[in-house]
Asker: 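Here it is: the structure, laid out below.
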Amino acid sequence: MSTIPRIAMTIGDPSGVGPEIAVKILSKPENRDKALVSLLASPEEVESLAAEFKVSVPLSDVAKQGYVQAIGTTYDGPAAKRGVASIAGGTRAMLDLERALELFKQDQADAILFESLNKSALHNAGMHEQDELRWFARILGYDGFTSELNFIPGLTTSRVTSHVAIKDVAAGINARSVHDAITLLNRAIQGTGIERPKLAVCALNPHAGESGQFGREEIDHIAPGIRLAQDEGVDAKGPFPCDTIFIKARAGEYDGVVTMFHDQGQIAMKLIGFDEGVTVQGGLPVPIATPAHGTAYEIVGQGIANDTPSQRAFDIATGLGRQTQEARVAAGNEQE
């Protein structure tokens, strides 16, 4: 097995900024040296994008250090129009992701990196799940706990609920789901080298419920979930009012924060580090990373899209790929 992690990479929604960011990331020699990249795009598509955005992406027919292997796409429909959500764009994005998953299953990739997606395009193209994380879980036949993990330098978050209506959030919060979000976050941060992460857990209600005056979720569900994690040795505290806990987290008092719903954490994280955010599809048996921004249709083709989040996602995918290789080697040694 190669000691260089193998990354299956997709351009995301072809109508968005993903294609141009992908060629910018892969034009950097240091990226091509630290991972063997199989890009879900044809050589002709890569060369056209590279020429348009004035970068160079050396291509190879095989996985090779210093080069990109452009392996094509299984999508054969009409080209997606730039700058708008479309069925064509959503279909291409899903087909590329399905093939990336197959590469992982066939031991031809150690991690997956995908550029930004558009949920309207995905849903119009036939995705019935709330989001790509639940779609990944269905494709993989995985029914365990999953949560988007959001990384910015020095801070990581997980979510108990995610892409659901606000009116449905409370129904998704119970001691087990809170526990699972805490332990998933703990493992993720340990993977970055912090042996015993310090975690804070958000409340759901204003002022953490004020001892039940503003709701009992903190008493009945969140605090019991925290205790379950503490009993397993996790350094988790809370529940804390969400309007102040990120101040302490930003100051370095905590390595991670468990949030109860999507915007509770995302607003804070994007204010603190929007240009450096990465999302990892936490809990899945496949390591998958993506930049934590959208398709930015309004600036497509202008060459001004910021590639910093994708660079961080590439670095994280590379690290996750190394972990996959180590796990596969360990599993092979056990079988011998």
Side-chain angles (χ1 to χ4, degrees), residues 133 145-162 169 172-211 214-215 217-219 221-283 289 291-292 308-309 312-313 315-316 319-320 323:
L133 175 55
F145 181 82
T146 57
S147 170
E148 289 88 351
L149 300 169
N150 290 101
F151 292 74
I152 59 173
L155 186 61
T156 308
T157 62
S158 67
R159 312 172 195 163
V160 177
T161 71
S162 189
V169 166
I173 297 172
N174 55 64
R176 178 52 55 183
S177 63
V178 171
H179 161 272
D180 290 347
I182 294 171
T183 54
L184 179 62
L185 181 61
N186 189 64
R187 291 196 302 273
I189 299 176
Q190 285 177 328
T192 69
I194 299 175
E195 185 175 345
R196 186 168 167 76
K198 297 179 180 179
L199 307 182
V201 181
C202 286
L204 173 67
N205 297 299
H207 303 181
E210 287 281 12
S211 300
F214 304 149
E217 283 80 9
E218 289 74 20
I219 297 169
H221 305 301
I222 301 175
I226 295 171
R227 288 194 293 271
L228 287 174
Q230 290 171 338
D231 290 343
E232 296 173 359
V234 178
D235 186 3
K237 295 181 175 62
F240 298 112
C242 67
D243 58 351
T244 55
I245 192 57
F246 277 95
I247 298 173
K248 294 182 178 181
R250 183 178 61 177
E253 293 186 32
Y254 295 98
D255 303 302
V257 179
V258 177
T259 63
M260 294 299 114
F261 59 93
H262 182 281
D263 286 4
Q264 190 180 59
Q266 285 296 80
I267 291 172
M269 293 288 274
K270 290 185 177 182
L271 281 171
I272 296 170
F274 179 76
D275 289 338
E276 299 178 285
V278 175
T279 299
V280 170
Q281 311 294 304
T308 302
R312 292 201 68 242
D315 293 339
I316 288 173
L320 294 172
Q323 291 179 0

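These numbers were taken from a predicted model, which means no experiment stands behind them.
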Asker: Measure the spacing between CD1 of Ile194 and CG of Asn186 and express it to the nearest 0.5 Å.
Answerer: 10.0 Å
Asker: Return the minimal non-hydrogen interatomic distance between Pro206 and Phe214, and the atom names on each side.
Answerer: O-CD1, 3.4 Å
Asker: Mind checking the CE-CD spacing from Met269 to Gln266? Nearest 0.5 Å is all I need.
Answerer: 7.0 Å
Asker: Specify the closest pair of heavy atoms between Asn150 and Ala292, including all atoms of both residues, with the distance to one decimal.
Answerer: ND2-CB, 4.2 Å
Asker: Does any part of the side chain of Ser177, heavy atoms only, come nearer than 4.5 Å to the side chain of His221, both counted from C-beta?
Answerer: no
Asker: Using every non-hydrogen atom in the two residues, find where Ala175 and Leu228 come nearest and quote the distance to one decimal.
Answerer: O-CD1, 4.0 Å
Asker: Do Leu320 and Gln323 come within less than 4.5 Å of each other through their side chains, counting heavy atoms only?
Answerer: yes
Asker: Answer yes or no: is there a donor N or O on one side and an acceptor on the other, between the side chain of Glu218 and the main chain of Ala223, under 3.5 Å?
Answerer: no
Asker: Taking atom OG1 of Thr279 and atom CG of Leu149, what is their separation to the nearest 0.5 Å?
Answerer: 8.5 Å
Asker: Just by distance, do the side chain of Ser147 and the backbone of Val160 share a donor-acceptor pair under 3.5 Å?
Answerer: no
Asker: Do you know the tightest heavy-atom contact between Gly225 and Ile182?
Answerer: O-CD1, 4.0 Å
Asker: Identify every side-chain donor-acceptor pair in residues 252-262 under 3.5 Å, counting partners at least two apart or on other chains, and give the distances.
Answerer:
residue	atom	partner	partner atom	Å
Asp255	OD2	Lys198	N	2.7
Thr259	OG1	Ser158	O	3.0

Asker: Looking at Glu148 and Leu133, would you say the former's side chain and the latter's main chain have a donor-acceptor pair under 3.5 Å?
Answerer: no
Asker: Starting at CZ of Phe151, measure out to OG1 of Thr192 and round the result to the nearest 0.5 Å.
Answerer: 7.0 Å
Asker: Minimum heavy-atom separation for Val278 to Ala289, with atom names?
Answerer: CG1-CB, 4.4 Å
Asker: Distance check, rounded to the nearest 0.5 Å: Gln190 atom CD versus Leu185 atom CG?
Answerer: 10.0 Å
Asker: Whether the side chain of Arg196 engages the backbone of Gly233 through a donor-acceptor N/O pair (distance < 3.5 Å, no angle test) should be reported.
Answerer: yes
Asker: Could you name each residue pair satisfying side-chain hydrogen bond (donor to acceptor under 3.5 Å, both in side chains) that touches residues 267-277, not counting sequence neighbours?
Answerer: none
Asker: What distance separates Asp235 CG from Gln230 CD, expressed to the nearest 0.5 Å?
Answerer: 8.0 Å
Asker: Shortest non-hydrogen contact from Ser211 to Ile219?
Answerer: C-CD1, 3.8 Å
Asker: Okay, side chain of Gln264, backbone of Cys202: is any donor-acceptor separation there less than 3.5 Å?
Answerer: no
Asker: So do Leu199 and Ile189 actually touch side chain to side chain, heavy atoms under 4.5 Å?
Answerer: yes
